[in-house]
Amino acid sequence: MADFSIDIFAPTISKVSKGVEGKLILLHSNERKLGKTAQACRFPKPYYLRFEQGINAITGVPYAKLRNWSDFKKVNKQLTSPKTVERALEIYKTIVVDTLDVAIKWCDKFVCGTQGVEQLKQGNNGYGLWKEYENEWFSEWNKLLNAGFCVVFISHSEEKKMVNPKTGEEYTQLYPKGDKRTIDLIIDAVDLIGYVKSNGFDENGNPQLSSVYFANCPQFLAGSRFKYMPAEITPFTAEAVEEALANAVEQESKETGIAAVDYDTFKAETKPATMTHDEAVKKAKPLCQKLYQVNKEKLTEIVEKYLGEGGKISETQESQVEQIIMIIDEIEDVLGNAD
């Protein structure tokens, strides 16, 4: 069973993997048919979450035939559940999300359905379902973002009014499509934001491969957490992005003197500890029995603190794993002090 203790005097040290594995990438553009999906599916061992028909012209890609948000929740559970995540990580390294635009609409519709309304603003007796919408979106993506996959998000762009913080001047920037409760969560989480731009046609009238930009500018949102990631990659291919990222990590490692690690080491050393509901209940049972014999009232106080009056660990749901872990932690503290 995993160790869930957090010790500030023996901290976990951050690691960076050498390759694209484990990285979070957002690709967006206001142009169509630029190869975003095709290149995303060329990253290592992809699994495609089909929110729209992006792979109709691409063969050989494993994919989830999603029809609505609840389908995504079912697939996401398999990708991130403590019971199945290790198996999923053995089969897939990259999860392609195409597109965020559609995912946002499906999440909106799903939350509206919880109260039988047509629009978010109509829920909660007219006060709106904005917090429920934000929480639903965060809950699902947060699980996937922390599971250990390389996740490539694809989005269309829209014009957004921006303000230069130094001059106060307004300008229009191409920004991934969505609202502050959804797209900004993804923007804040990813390691790379790439804007994909067409290069037109060659002298024979054939479309040329696109370019991808990783440096922010007034025209479009882009960026990278990696100091030495090139501002532009032409032509845009998955292989070119992988190579550029590997070189950027290597250069930064030389500068800092901290070596990057291979993905297996990165995954093993940075994977968050996880516990299934069954494991938590199993661990809690003997601890509860021991404290019951020593101090029945204290046991009741701790359990009800996290599960409410009359709450019982045996009657908890899978979503209450955190509460059980906190009960375990407090009981161990009490028993330790008693010793």
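Nothing fancy with the numbering, it's 1 onward along the sequence. Just so it is clear, the values below take in all heavy atoms, side chains as well, and ignore hydrogens, waters and symmetry mates.
- The shortest distance between side-chain heavy atoms of K290 and K285 does not fall below 4.5 Å.
- Both L221 and I183 are members of a single hydrophobic cluster when ILVMFWY side chains are connected at heavy-atom separations under 4.5 Å.
- With contacts defined as side-chain heavy-atom distances shorter than 4.5 Å, the pair L144/I95 qualifies.
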>> Using the rule given for side-chain contact (heavy atoms from CB on, under 4.5 Å), can you reason through K160 versus T172, listing the C-alpha separation, both sets of side-chain angles and the distance that settles it, and then say yes or no?
In response: CA-CA 5 Å; K160 183 175 180 179; T172 301; over 6 Å; no
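- Between E134 and K131 there is a salt bridge, since at least one side-chain N of the basic residue sits less than 4.0 Å from a carboxylate O of the acidic one.
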>> One pair to check against salt bridge (charged side-chain N to carboxylate O under 4.0 Å, His left out): R42 and E239. What are the steps and the verdict?
In response: CA-CA 8 Å; R42 290 171 66 93; E239 293 79 8; 2.8 Å; yes
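- Side-chain atoms of F226 and D191, non-hydrogen and from C-beta on, do get closer than 4.5 Å to each other.
- Taking 4.5 Å as the limit, some side-chain heavy atom of I25 sits within range of a side-chain heavy atom of C150.
- The backbone N or O of P46 lies less than 3.5 Å from no partner atom in the side chain of T94, so there is not a single donor-acceptor pair.
- No more than 12 heavy atoms of other residues, nucleotides or ligands sit less than 6.0 Å from atom CD of E322.
- Between F220 and Y213, the ring-plane angle classifies as tilted under the 30° and 60° cut-offs.
- When only modelled atom types and interatomic distance are considered, D278 and T276 share no side-chain donor-acceptor pair under 3.5 Å.
- Donor-acceptor pairing under 3.5 Å is lacking for the side chains of E86 and T84.
- Shortest non-hydrogen contact noted between Q39 and A238 is OE1-N, 2.9 Å.
- Annotation: the span from L66 atom CG to K74 atom NZ amounts to 11.0 Å, rounded to 0.5 Å.
- Between atom CG of residue L49 and atom CG of residue N76 there is a gap of 8.0 Å, rounded to the nearest 0.5 Å.
- Between the CG atom in L89 and the OG1 atom in T80 there is a gap of 10.5 Å [rounded to 0.5 Å].
- Of the charged side-chain nitrogens involved, at least one lies within less than 4.0 Å of a carboxylate oxygen, so that E301 and K298 count as a salt-bridged pair.
- Taking a 6.0 Å sphere around CD of Q251, one finds it holds more than 12 heavy atoms contributed by other residues, nucleotides or ligands.
- In this structure, Q173 CD and Y195 OH are separated by 10.5 Å, a value rounded to the nearest 0.5 Å.
- In this structure, the separation between NE2 on H156 and OG on S29 is 8.0 Å, given to the nearest 0.5 Å.
- Side-chain atoms of S210 come within 3.5 Å of backbone atoms of L34 as a donor-acceptor pair (strictly under, hydrogens ignored).
- Taking the side chain as every heavy atom from C-beta outward, E242 and F43 approach each other to under 4.5 Å.
- The closest side-chain heavy-atom distance from Y133 to I104 is below 4.5 Å.
- E252 and K227 are not joined by a salt bridge, as no carboxylate oxygen comes within less than 4.0 angstrom of a charged side-chain nitrogen.
- Formation of a donor-acceptor pair under 3.5 Å by the T99 side chain with backbone atoms of S155 is not found in this model.
- Between I331 and C288 there is a side-chain heavy-atom pair separated by less than 4.5 Å.
- A salt bridge is absent between E170 and K161; no separation between the charged side-chain nitrogens and carboxylate oxygens falls under 4.0 Å.
- For Q115 (side chain) and G123 (main-chain N/O), no donor-acceptor pair under 3.5 Å exists by modelled atom type.
- A salt bridge links K73 with E140; the closest basic N to acidic carboxylate O contact falls under 4.0 Å.
- Here the closest non-hydrogen pair linking C107 and E136 is SG-CG, 3.9 Å.
- The main-chain N or O of N199 is found under 3.5 Å from a side-chain atom of Q208 such that the two form a donor-acceptor pair.
- Not one N or O on the side chain of N216 forms a donor-acceptor pair closer than 3.5 Å with the backbone of G223.
- There is a path of hydrophobic side-chain contacts, each under 4.5 Å, that joins V190 to F149.
- Residues L185 and L120 share a hydrophobic cluster, clusters being chains of Ile/Leu/Val/Met/Phe/Trp/Tyr side chains in contact below 4.5 Å.
- W106 and F51 have their aromatic ring centers within a separation under 6.0 angstrom.
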> How far apart are the C-alpha atoms of H277 and I324, what are their side-chain angles, what is the distance that settles it, and do they pass the side-chain contact (heavy atoms from CB on, under 4.5 Å) test?
Replying inline: CA-CA 8 Å; H277 179 263; I324 303 173; 3.8 Å; yes
> Between I302 and V334, is a side-chain contact (heavy atoms from CB on, under 4.5 Å) present by the stated rule, with each step listed?
Replying inline: CA-CA 10 Å; I302 292 172; V334 172; 4.0 Å; yes
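- Of the possible polar contacts, none joining the N124 side chain to the Y127 backbone as a donor-acceptor pair under 3.5 Å is found.
- In this structure, F236 and K36 approach most closely via the heavy-atom pair CE2-CA, 4.1 Å.
- For the pair L192/F214, a side-chain contact is recorded, criterion being any heavy-atom separation below 4.5 Å from C-beta on.
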> What's the verdict on salt bridge (charged side-chain N to carboxylate O under 4.0 Å, His left out) for E279 and K283, showing C-alpha distance, side-chain angles and the deciding distance?
Replying inline: CA-CA 6 Å; E279 287 173 336; K283 183 171 183 179; over 6 Å; no
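- K177 and D101 get closest at one heavy-atom pair: CD-OD2, 3.4 Å.
- The closest donor-acceptor contact from the side chain of T316 to the backbone of I313 lies under 3.5 Å.
- Taking CG of L145 as the reference point, atom CG of D188 lies at 11.0 Å (rounded to 0.5 Å).
- Salt-bridge check for D184 with K180: failed, with every basic side-chain N at 4.0 Å or more from each acidic carboxylate O.
- Each of F153 and L174 belongs to its own hydrophobic cluster when Ile, Leu, Val, Met, Phe, Trp and Tyr are linked at side-chain heavy-atom distances under 4.5 angstrom.
- In this model, no donor atom of one side chain and acceptor atom of the other lie less than 3.5 Å apart for N164 and Y171.
- When all heavy atoms are compared, the tightest approach of A38 to I58 is CA-CD1, 3.7 Å.
- For Q289, the CD atom sits in a packed shell: over 12 heavy atoms of surrounding residues, nucleotides or ligands are nearer than 6.0 Å.
- Under the 30°/60° scheme for interplanar angles, the aromatic rings of W69 and W141 are found to stand perpendicular.
- If you chain together hydrophobic residues whose side chains sit under 4.5 Å apart, Y228 and V249 never meet in one group.
- The main-chain N or O of K296 is found under 3.5 Å from a side-chain atom of T300 such that the two form a donor-acceptor pair.
- Shortest non-hydrogen contact noted between K282 and P286 is O-CD, 3.1 Å.
- Looking at E52, its side chain never comes within 3.5 Å of a backbone N or O of D98 through a donor-acceptor pair.
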> Stepwise, does the side-chain contact (heavy atoms from CB on, under 4.5 Å) test hold for V97 with I154?
Replying inline: CA-CA 6 Å; V97 180; I154 299 174; over 6 Å; no
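- Counting non-hydrogen atoms of neighbouring residues, nucleotides and ligands closer than 6.0 angstrom, the CZ atom of R225 exceeds 12 such neighbours.
- If you check the side chains of Y306 and E330, you find a donor sitting under 3.5 Å from an acceptor.
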